[in-house]
Amino acid sequence: MILTLTINPAIDRTVTVDKLVFEDRAYILDRAEAAGGRGINASQVIHAFGGKTLALLTSGGAAGERMEKSLSGMGFPFEAVHVHSESRINLTISDKQGLTVKLNEVGAPLEAREIGAIRDLTEAVLEKARWLMICGSMQPGVHPHFYCELIELAQARGLRTLLDTDGEALQHALEAKPSVITPNQQEAERLLGRALLTRTQFLEAVDRIHAMGPQSVILSLGSRGAIGASSEGVFEALAPRIDVLCPIGSGDALAAAFVWSMEKGKTFAESLRWGVAAGTATAALPGIHFPTLRQTRAIYKQVEVRSLR
């Protein structure tokens with residue numbers, strides 16, 4: 001079982017238009033709405049690949065009710081901590097050329113008892129799993145060390161942990177030495193306080209972040225693939241060239257496929273390859289949709305992995 005935790009989930013509202021340009025009108029071609037958030041997205045991928053997953057999340061208000069209704073049709077189990085504040089509604093606008101704008105609500109603050117309930121629920125189901133994926137942002141007011149506490153809780157029970165977040169939450173959680181973190185380029189830049197533009201800088205960034213405490217690091221680089229470092233070495237996974245329709249969710253798919261592969265006993269390099277394949281396959285789909293195992297396997301065959309040291 002792979003647990004995913006999304007404490008700040010959302011209704012993802014997706015609008016597809018004919019073109020996105022300044023100072024001109026665009027025409028809506030399609031619209032859709034579904035439960036979203038990094039951990040929920042990861043559970044979708046794991047389930048699509050035939051893996052066992054349980055999604056943990058918060059849910060509040062009318063948006064939370066719609067989110068749970070959407071989750072009920074996704075085919076995998078979930079458990080929600082019901083909170084007083086309304087769940088988020090995020091908006092993604094993309095055009096047929098792959099240009100995408102993502103507008104996220106910050107999320108409403110949680111009460112102390114609600115934060116405690118999230119911790120209690122997570123602790124209660126840890127014995128069912130071997131991996132805990134902690135995904136996404138935290139609502140305002142949640143202590144920045146909260147993810148650190150959850151990682152330590154999971155590791156004390158023998159679980160491996162993946163952390164996929166940003167900002168203060170990422171910085172503080174590194175103290176708990178998670179099994180793997182998966183920052184994208186922008187998140188790595190914020191963590192290190194510098195721009196990353198060249199391949200040499202990407203490699204330096206992976207080394208610096210690895211030295212901060214996590215057991216493994218995967219730097220997700222979008223269409224350029226990813227660079228990963230672990231005790232097995234440093235590897236670069238190069239993605240094939242595709243026509244990108246919507247890159248939103250690609251990082252979530254990468255993290256999910258990586259853990260799915262590791263859970264099956266594959267090596268770090270092999271799992272990195274699966275992750276890049278899933279992220280690339282996601283970007284080739286319209287809107288916020290996730291690939292099947294068959295679609296991902298077709299891309300996997302085209303991903304090149306190089307050992308750098």
Side-chain angles (χ1 to χ4, degrees), residues 1-9 37-49 51-57 76 118 122 125-126 128-138 146-167 169-184 187-188 191 206 209-210 212-220 226-232 235 237 249-279 282 290:
M1 174 78 74
I2 299 169
L3 297 176
T4 67
L5 173 64
T6 314
I7 73 167
N8 199 15
R38 293 188 184 189
I40 292 172
N41 295 344
S43 282
Q44 287 190 66
V45 174
I46 294 164
H47 175 68
F49 283 19
K52 292 183 178 180
T53 183
L54 170 64
L56 309 178
L57 60 140
F76 55 84
I118 296 167
T122 304
V125 298
L126 287 177
K128 300 179 181 179
R130 290 195 292 185
W131 275 88
L132 171 64
M133 300 179 66
I134 302 173
C135 306
S137 62
M138 296 192 294
F146 183 57
Y147 282 171
C148 186
E149 296 173 11
L150 294 177
I151 292 167
E152 291 173 343
L153 192 67
Q155 291 178 337
R157 285 158 177 76
L159 275 73
R160 303 181 73 179
T161 53
L162 179 141
L163 178 68
D164 183 10
T165 190
D166 193 9
L170 173 59
Q171 184 176 0
H172 288 292
L174 292 177
E175 300 170 11
K177 302 185 187 304
S179 303
V180 59
I181 63 171
T182 57
N184 60 32
E187 291 163 350
L191 179 62
V206 168
I209 296 172
H210 200 196
M212 290 180 176
Q215 298 171 36
S216 303
V217 177
I218 296 174
L219 176 59
S220 175
I227 297 174
S230 75
S231 60
E232 297 177 30
F235 304 90
S250 293
D252 308 337
L254 183 154
F258 172 83
V259 171
W260 168 83
S261 177
M262 291 290 287
E263 173 68 5
K264 292 175 71 67
K266 304 298 184 182
T267 65
F268 179 85
E270 184 80 354
S271 300
L272 180 66
R273 186 180 178 188
W274 273 109
V276 169
T282 300
F290 297 98

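Bear in mind that the values here come from a model prediction, so they are computed numbers and not experimental data.
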Look at the side chain of [X] and the backbone N and O of [Y], then say whether any donor-acceptor pair between them is shorter than 3.5 Å.
X	Y	value
Glu187	Asn184	yes
Ser250	Gly279	yes
Arg157	Leu153	yes
Thr165	Leu170	no
His210	Gln215	yes
Thr6	Ile40	yes
Gln155	Lys177	yes
Thr122	Ile118	yes
Thr53	Ile2	yes

Check your understanding: Hey, what do you get for CE (Met138) to OH (Tyr147), rounding to the nearest 0.5 Å?
Key ->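 If we round to the nearest 0.5 Å, Met138:CE and Tyr147:OH are 6.0 Å apart.
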Check your understanding: Which value, rounded to the nearest 0.5 Å, describes the distance between Met1 atom CE and Trp131 atom CH2?
Key ->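 Going from the CE atom of Met1 to the CH2 atom of Trp131 covers 16.0 Å.
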Over all atoms of both residues, closest heavy-atom pair of [X] and [Y]:
X	Y	value
Leu272	Gly228	CD2-N, 4.0 Å
Leu219	Val206	CB-CG2, 3.7 Å
Pro178	Thr161	CA-OG1, 3.4 Å
Thr267	Glu232	CB-OE1, 3.6 Å
Ser216	Ser230	OG-CB, 3.3 Å
Ile209	Val217	CG2-CG2, 3.8 Å

Exercise for review: Take Val45 and Trp260 through the test side-chain contact (heavy atoms from CB on, under 4.5 Å) and record every step on the way to the result.
Suggested key: CA-CA 9 Å; Val45 174; Trp260 168 83; over 6 Å; no
Exercise for review: Would you check if Leu254 and Ile218 make a side-chain contact, meaning some heavy-atom pair closer than 4.5 Å?
Suggested key: yes
Exercise for review: Tell me, with the steps shown, if Ser43 and Thr4 meet side chain to side chain donor-acceptor pair (under 3.5 Å).
Suggested key: CA-CA 7 Å; Ser43 282; Thr4 67; 2.8 Å; yes
Review point. Which word best sums up how the rings of Phe235 and Phe268 line up, parallel for under 30°, tilted for 30 to 60°, or perpendicular for over 60°?
Key: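 Ring orientation of Phe235 relative to Phe268: tilted.
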